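If you're wondering where the values come from, they're calculated on a predicted model, not measured in any experiment. Side chains included, hydrogens not; waters and symmetry mates left out as well; all remaining heavy atoms used.
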Amino acid sequence: VVFDRALKDKLKVGLAIDNGGWSMDPYIPLVQTLFDYARSQFKELKTVFFHNTIYATVWADPARCRKPLRIDELGRADPATRLVLVGDASMAPYELMAQDGSIYAEERSGRPSIDCLRFLAQTFPRSAWLNPKPAHMWPYTRSVAAIREIFPMYELTIDGLEQAVTHLMKP
């Protein structure tokens, strides 16, 4: 994927990466490559981390323990910011739908994750979800279907990246 130099200097990008759990383990090298490339491509890149899905807090540190960031604060970013979420979107349905569905007590805010994801999609109309799992596997996971109703989802492949960039650059 090649970006126009003029766009590189103007684009503000938020990158939210699912970096926890065994289901993402096979994709670590691929996501690391994306992360390294993204850091070098954009003038302003803010990277945050989450596990499975986003609740009221994301983390500025990959260990997800020292630098919490409320999504309300994240939502104060320039609305022209492109938000890219990276994760397999695979989890138990309660993690997405239930109030306090997080498996971590410190992430329980009284809001279901699905509401937090809708908030981010409304706040950042130029957003996309990159899924490292092949698209032919998506119909077998309820949480993938629910997230696809909120964010346009693309495969984390060269073709998928090109499609996502085309979507993110629409006026």
Side-chain angles (χ1 to χ4, degrees), residues 1 13-38 45-59 62 64 69-72 74-75 81-170:
V1 178
V13 177
L15 181 61
I17 299 174
D18 176 357
N19 73 336
W22 61 267
S23 68
M24 284 296 291
D25 283 352
Y27 309 110
I28 289 172
L30 178 62
V31 174
Q32 185 65 44
T33 300
L34 173 70
F35 177 75
D36 291 342
Y37 181 76
L45 174 71
K46 181 164 188 78
T47 305
V48 295
F49 302 92
F50 63 95
H51 173 66
N52 283 350
T53 186
I54 294 176
Y55 300 97
T57 303
V58 290
W59 304 89
R64 300 186 324 271
L69 177 67
R70 307 271 310 157
I71 62 168
D72 299 336
L74 187 64
T81 298
R82 274 58 171 189
L83 178 63
V84 179
L85 301 101
V86 181
D88 63 5
S90 301
M91 67 206 78
Y94 75 85
E95 289 183 71
L96 194 58
M97 303 296 187
Q99 181 174 327
D100 292 333
S102 175
I103 59 174
Y104 300 106
E106 67 273 8
E107 290 187 344
R108 295 184 181 155
S109 65
R111 291 170 70 184
S113 171
I114 195 98
D115 290 348
C116 297
L117 294 176
R118 286 185 185 120
F119 166 78
L120 290 172
Q122 290 168 355
T123 303
F124 301 103
R126 294 180 179 136
S127 57
W129 190 291
L130 295 174
N131 192 329
K133 282 194 169 188
H136 73 272
M137 296 175 71
W138 298 353
Y140 302 107
T141 308
R142 287 179 49 198
S143 56
V144 171
I147 291 171
R148 286 183 72 196
E149 290 179 16
I150 300 168
F151 294 102
M153 189 175 286
Y154 303 93
E155 281 186 289
L156 187 51
T157 62
I158 296 295
D159 289 341
L161 281 170
E162 287 179 358
Q163 293 167 2
V165 168
T166 298
H167 167 74
L168 292 168
M169 297 313 297
K170 287 181 184 173

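The two residues Met153 and Ala89 make their nearest non-hydrogen contact at CE-CB, 4.0 Å. Residues Cys116 and Ala56 approach most closely at SG-N, 3.7 Å, considering heavy atoms. Residues Asn19 and Pro62 approach most closely at ND2-O, 2.6 Å, considering heavy atoms. Taking every heavy atom of both residues into account, Pro125 and Thr123 meet most closely at CD-O, 3.3 Å. The nearest pair of heavy atoms linking Thr81 to Phe124 is O-CD2, 3.7 Å. Annotation for Asp25 and Pro29: closest pair O-CD, 4.4 Å, computed over non-hydrogen atoms.
Here the side chain of Tyr154 pairs no donor or acceptor atom with the backbone of Val165 at under 3.5 angstrom. A donor-acceptor pair is defined here as one N or O able to donate and one able to accept, closer than 3.5 Å; no such pair exists between the side chain of His167 and the backbone of Glu162. Remark: the backbone N or O of Ala92 is paired with a side-chain donor or acceptor of Glu95 at under 3.5 angstrom. Side chain of Asn52 to main chain of Met91: no donor-acceptor pair is present (N/O by atom type, distance under 3.5 Å, no hydrogens or angles). Listed for the Arg126 side chain is a donor-acceptor partner under 3.5 Å among the backbone atoms of Lys170. Judged by distance alone, the side chain of Arg82 and the main-chain N or O of Leu168 form a donor-acceptor pair under 3.5 Å. Side-chain atoms of Thr141 do not come within 3.5 Å of backbone N or O of Val144 as any donor-acceptor pair. A distance-only check finds no donor-acceptor pair linking the side chain of Thr57 to the backbone of Arg70 [under 3.5 Å]. In terms of modelled atom types and a separation under 3.5 Å, the side chain of Trp129 and the main chain of Val86 share no donor-acceptor contact.
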- Message: Go through it in stages, so that I can follow the logic: the residues are Leu117 and Leu96, the test is side chain to side chain contact (heavy atoms under 4.5 Å, CB included), and I'd like the CA-CA distance, side-chain angles, deciding distance and then a yes or no.
- Response: CA-CA 9 Å; Leu117 294 176; Leu96 194 58; 3.7 Å; yes
- Go through Leu85 and Phe151 one step at a time and tell me if the side chain to side chain contact (heavy atoms under 4.5 Å, CB included) criterion holds. CA-CA 9 Å; Leu85 301 101; Phe151 294 102; 3.6 Å; yes
- Query: Under the side chain to side chain contact (heavy atoms under 4.5 Å, CB included) criterion, do Gln163 and Thr166 qualify, and how do the steps go?
  - Reply: CA-CA 5 Å; Gln163 293 167 2; Thr166 298; 5.7 Å; no
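Side-chain contact between Leu15 and Leu45: present, with at least one pair of heavy atoms (C-beta onward) separated by less than 4.5 Å. For the pair Tyr55/Ile71, no side-chain contact is recorded, criterion being any heavy-atom separation below 4.5 Å from C-beta on. Considering only heavy atoms from C-beta on, Asp18 comes within 4.5 Å of His51 through its side chain.
Every residue two or more places apart in sequence or in another chain that forms a side-chain hydrogen bond (donor to acceptor under 3.5 Å, both in side chains) with Ser113 is listed here: Thr53.
Exactly one of Val48, Val84, Thr47 qualifies for a side chain to side chain contact (heavy atoms under 4.5 Å, CB included) with Ile17. That residue is Thr47.
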Residues 130-137 side chain polar contacts: donor-acceptor under 3.5 Å, at least two apart:
unit_1 : atom_1 : unit_2 : atom_2 : d
Asn131 : OD1    : Lys133 : N      : 2.8
Asn131 : ND2    : Asp88  : O      : 3.2
Lys133 : NZ     : Ser90  : OG     : 3.4

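Annotation: the span from Lys46 atom NZ to Leu83 atom CG amounts to 12.0 Å, rounded to 0.5 Å.
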